[in-house]
Enquirer: 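Below: one structure in structure tokens.
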Amino acid sequence: MTASIESNDTVRTRFAPSPTGYMHIGGMRTALFNWLWARHNSGKFILRIDDTDRQRNLDEALGPILGAFRWLGLDWDEGPEIGGPHGPYFQSQRGELYQQALQKLLEAGKAYYCFDTPEQIQADRAEAEQEKKNYLNIRRSLDLSAGDIEERLARGDAHVVRFLVPRGETIAVDDAVRGHVEWDTGLISDPVICRGDGSPLYNFATVIDDADMQITHVIRAEEHLSNTPIQLLIYNALAQPQPQFVHLPYVAAPASKEKLSKRKLDKYRKNQQFRKMFEAADRVFPQIGLASSEGLDPVMVEYYERIGYLPAAVLNALARLGWSLDDKTEIMSLDEVVENFSLDRIVKSPAGLDPEKLVSFQTHWAGELPPEETLDRILPYLQKAGLIGEEISSDDRSYIEQVVAALGDRIKVFSDILDYASFFQSDDEFAYDEKAFKKRVQKEGAAELLAKFKEQLATVEPFEVDQLDKLMHDFVEAEGIKIGDIIHAVRVAVTGSPAGPGMFDCLHLLGRERCLARIDRALSSTH
RNA sequence: GGCCCCGUCGUCUAGUCAGGCCUAGGACACCGGACUUUCGAUCCGGUAACAGGGGUUCAAAUCCCCUCGGGGUCACCA
């Protein structure tokens with residue numbers, strides 16, 4: 001009865017999201033592993049939409065999910081928008097298939113109409129709990145005669161269809177990650193597989209669909225492991241071959257072993273490692289016309305896209321969450337992962353998402369980008385924040401290019417450019433870092449030095465890095481001071497910030513006029 | 001609570017199936033040093049783990065047993 005799928009069949013994997021309006025980063029990892037296994041074997045990756053809950057606004061709920069796949073460059077061979085030979089790919093449109101299978105089970109006596117009311121069942125459960133016994137449903141409806149059932153059905157009595165779990169058996173799976181796992185069917189309650197209105201439930205629909213779509217490998221998160229015996233039983237009852245099951249460890253919240261969940265956002269805000277991501281969202285998103293972390297949080301894939309991570313970085317981090325190539329390879333392109341991906345190197349224990357490691361992957365992959373591409377990724381942030389206009393002249397572009405080049409790898413995530421807004425703001429508009437201003441500009445004697453240096457700045461020719469460098473050093477020598485006594489004051493005066501590119505780069509970038517104006521402004525604020 | 005899964009540095013992991021090459025390797029983070037006008041980057045160096053207890057064995061992170069700990073799941077959600 002448990003025919004297994006031939007290993008030389010084309011590998012077919014699937015990811016079956018329900019349209020929730022956002023793509024979960026942990027779900028994305030599961031999807032990625034499915035995609036990787038399909039691509040590694042030159043197989044097919046299928047996207048199927050689990051919308052049995054009848055979505056009201058499907059486009060709105062599905063858009064961000066497909067968007068996440070597109071952003072990361074994970075394509076699907078069958079599914080929404082492109083169809084395929086095993087469609088439709090929306091469960092809401094596959095009702096007939098479920099009905100057929102349901103009839104088959106009903107006729108074979110492997111499923112039955114159950115007329116128990118929810119209240120009855122609740123009472124049964126309560127009783128079992130009180131007696132500290134495992135709840136098993138009572139199967140009252142099994143005693144009904146065919147005539148009774150027909151009559152009650154005709155009368156429109158509320159009912160569901162339950163799968164009849166064969167008791168006293170052992171059901172086992174040989175999971176690619178978990179190994180051999182078995183369950184005693186005598187402990188499993190008959191699951192509802194179909195609601196009164198005819199709509200199927202997950203455990204049933206998923207088996208029908210996976211079988212119909214000839215899925216060879218069901219790669220899903222570990223929380224589904226406990227659903228597996230029921231699904232196995234249904235495969236058997238339907239005489240369908242079982243796919244290879246692959247239960248991945250779930251993705252945990254940073255520095256924890258708890259499943260990453262959208263319901264725990266409040267807790268994550270206080271999580272030391274996670275907090276920075278929320279803070280970044282609250283700082284950056286409002287500037288570029290998006291909702292704060294209330295609407296766009298790091299559990300969502302879209303967060304990473306919007307705040308300016310590279311797909312390569314997110315992909316690299318996700319691939320390393322619960323999978324490794326060997327004892328030292330960390331940096332991998334998608335192609336490299338596809339080439340080397342294997343099921344037997346999947347880790348068994350849950351892995352916490354590590355924001356800092358993600359940043360380190362980002363630093364690496366951003367460093368691989370040609371300068372023009374870096375610029376293209378940065379420009380939208382400047383535009384959305386209103387720091388530059390929609391139309392960019394070639395002069396503007398070249399200025400931005402120079403600023404970005406000077407900033408170099410100080411920009412990790414692309415929205416980091418907003419930390420250096422002063423390069424794009426007018427001389428009286430940019431903000432001074434209060435602490436730095438106090439420490440460097442309002443320091444005893446700093447204003448006098450600054451004023452003196454400004455005079456020389458006004459006449460130095462040419463206004464180039466080397467020349468400025470020389471000017472500064474001559475100045476330091478003439479005044480008999482340490483370079484630190486003046487250079488920090490100048491930096492803060494012209495950029496507003498204690499950190500940034502090399503001082504002379506900053507002066508040169510800004511140009512003489514702006515430097516002088518900014519020093520004037522700083523000087524006038526000292527008293 | 002029942003069932004099931006998991007347990008190597010702070011984190012992600014290599015090593016576990018086929019015991020010795022492990023005085024446990026790598027990466028991120030952290031600490032220190034070098035470089036530097038700041039920040040960043042880079043380069044060098046460092047701290048840091050086999051959950052505990054019993055066995056088996058010449059030899060155990062690896063095999064067996066027990067304990068402890070963490071987690072998942074127990075719906076007419078998926």
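Residue numbers start from 1 in every chain, and the chains themselves are labelled A, B, ... in the order their sequence lines are given, proteins ahead of strands. Small disclaimer: the values here were computed from a predicted structure and weren't measured.
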Enquirer: Can you see whether A/F90 has A/R94 sitting over its ring - NZ or CZ less than 6.0 Å from the centre and within 45° of the normal?
Expert: no
Enquirer: Whom does B/A14 pair with, Watson-Crick or G-U wobble, provided both distances fall under 3.5 Å?
Expert: none
Enquirer: Could you check A/L457, A/I519, A/V492 and say which one makes a side chain to side chain contact (heavy atoms under 4.5 Å, CB included) with A/L450?
Expert: A/I519
Enquirer: Would you classify A/V160 as touching base, sugar-phosphate or nothing, given that sugar-phosphate means primed atoms plus P, OP1 and OP2, and contacts are heavy atoms under 4.0 Å?
Expert: base
Enquirer: Identify whether any heavy atom of A/K482 sits under 4.0 Å from a base atom; if not, whether one sits that close to sugar-phosphate; answer base, sugar-phosphate or nothing.
Expert: nothing
Enquirer: How is A/V492 classified with respect to the nucleic acid when contacts are heavy atoms under 4.0 Å: base, sugar-phosphate, or nothing?
Expert: nothing
Enquirer: Extract from the structure each pairing of a protein N or O with an N or O of nucleotides 3-5 of chain B at less than 3.5 Å, listing the distance.
Expert:
residue, atom, partner, partner atom, Å
B/C5, O2', A/R178, NH2, 3.2
B/C5, O2', A/E222, OE2, 3.3

Enquirer: What distance, rounded to whole Å, do you find between the two C1' atoms, one in B/C17 and one in B/C68?
Expert: 25 Å
Enquirer: Please give the distance between the C1' atoms of B/C35 and B/C28 as a whole number of Å.
Expert: 23 Å
Enquirer: Roughly how far, to the nearest 0.5 Å, is CG of A/N137 from SG of A/C114?
Expert: 7.0 Å
Enquirer: Using a cut-off of 4.0 Å on non-hydrogen atoms, how would the nucleic acid contact of A/L321 be classed: base, sugar-phosphate, or nothing?
Expert: sugar-phosphate
Enquirer: Taking any strand in view, what nucleotide pairs with B/C9 in a Watson-Crick or G-U wobble way, both distances under 3.5 Å?
Expert: none
Enquirer: Round to the nearest Å and state the distance from A/F90 atom CZ to B/A78 atom C1'.
Expert: 16 Å
Enquirer: With rounding to the closest Å, how many angstrom separate the P atoms on B/A60 and B/G71?
Expert: 33 Å
Enquirer: Mind checking who B/C63 pairs with, Watson-Crick or G-U wobble, both distances under 3.5 Å?
Expert: B/G55
Enquirer: Would you list the protein and nucleotides 35-37 of chain B atom pairs, both N or O, that sit under 3.5 Å from each other?
Expert:
residue, atom, partner, partner atom, Å
B/U37, O2', A/H488, NE2, 3.3
B/U37, O2, A/R491, NH2, 3.2
B/U37, N3, A/M503, N, 3.4

Enquirer: Using Watson-Crick or G-U wobble geometry with both distances below 3.5 Å, tell me the partner of B/C43, or none.
Expert: B/G33
Enquirer: Roughly how many Å is it from CD1 in A/I230 to P in B/C74, rounded to a whole number?
Expert: 9 Å
Enquirer: What integer distance in Å separates A/L248:CG from B/G72:P?
Expert: 16 Å
Enquirer: Measuring only between side-chain heavy atoms, which start at C-beta, is A/I65 closer than 4.5 Å to A/Y22?
Expert: no
Enquirer: What I'd like to find out is whether the side chain of A/E356 reaches to under 4.5 Å of the side chain of A/K276, using heavy atoms alone.
Expert: yes
Enquirer: Can you check whether A/R491 reaches A/R440 side chain to side chain, under 4.5 Å on heavy atoms?
Expert: no
Enquirer: In whole angstroms, how far is the C1' atom of B/A75 from the CG atom of A/N137?
Expert: 13 Å
Enquirer: A cation-pi test, strictly: NZ or CZ of A/R140 under 6.0 Å from the centre of the six-membered ring of A/F115 and no more than 45 degrees from its axis. Yes or no?
Expert: no
Enquirer: Using atom CD of A/E131 as one end and atom C1' of B/G2 as the other, report the distance to the nearest whole Å.
Expert: 15 Å
Enquirer: Describe the nucleic acid contact of A/R440 in one word from base, sugar-phosphate, nothing, applying a heavy-atom distance below 4.0 Å.
Expert: nothing
Enquirer: Against the six-membered ring of A/F430, is A/R518 placed for a cation-pi contact (under 6.0 Å from the centre, within 45° of the normal)?
Expert: yes
Enquirer: I'd like to know whether A/W323 forms a ring pair (Phe, Tyr, Trp, His ring centres under 6.0 Å) with A/F341, so could you lay out the CA-CA distance, the side-chain angles of the two residues, the decisive distance to 0.1 Å, and finally the verdict.
Expert: CA-CA 8 Å; A/W323 181 82; A/F341 189 72; 5.4 Å; yes
Enquirer: I'd like to know if A/D50 pairs up with A/R48 as an ion pair, taking the criterion as any Lys NZ or Arg NE/NH1/NH2 lying under 4.0 Å from an Asp or Glu carboxylate oxygen.
Expert: yes
Enquirer: Is A/K259 near enough to B/U73 that one of its side-chain N or O atoms lies under 4.0 angstrom from OP1 or OP2?
Expert: yes
Enquirer: To the closest 0.5 Å, what do you measure between CZ (A/F475) and NZ (A/K452)?
Expert: 6.5 Å
Enquirer: Does A/N203 contact B/A78 through a side-chain donor or acceptor facing the base, at a distance under 3.5 Å?
Expert: no
Enquirer: Do you know the tightest heavy-atom contact between A/C194 and A/L102?
Expert: SG-CD2, 3.6 Å
Enquirer: Does the Lys NZ or Arg CZ of A/R125 fall within the cation-pi geometry relative to A/Y135 - under 6.0 Å from the ring centre and within 45° of the axis?
Expert: yes
Enquirer: Strictly by Watson-Crick or wobble contacts shorter than 3.5 Å, is anything paired with B/C4, and which nucleotide is it?
Expert: B/G71
Enquirer: Checking all strands, does A/H224 fall into the base, sugar-phosphate, or nothing category for heavy-atom contacts under 4.0 angstrom?
Expert: base
Enquirer: Mind checking who B/C21 pairs with, Watson-Crick or G-U wobble, both distances under 3.5 Å?
Expert: none
Enquirer: Give every pair of a protein N or O atom and an N or O atom of nucleotides 22-30 of chain B that lie under 3.5 Å apart, one pair per line with the distance.
Expert:
residue, atom, partner, partner atom, Å
B/G25, N2, A/D327, O, 2.9
B/G26, N2, A/E330, OE2, 2.8
B/A27, O2', A/K357, NZ, 3.4
B/A27, N3, A/K357, NZ, 2.8

Enquirer: When all nucleic acid strands are considered with a 4.0 Å heavy-atom cut-off, which category describes A/R220: base, sugar-phosphate, or nothing?
Expert: nothing
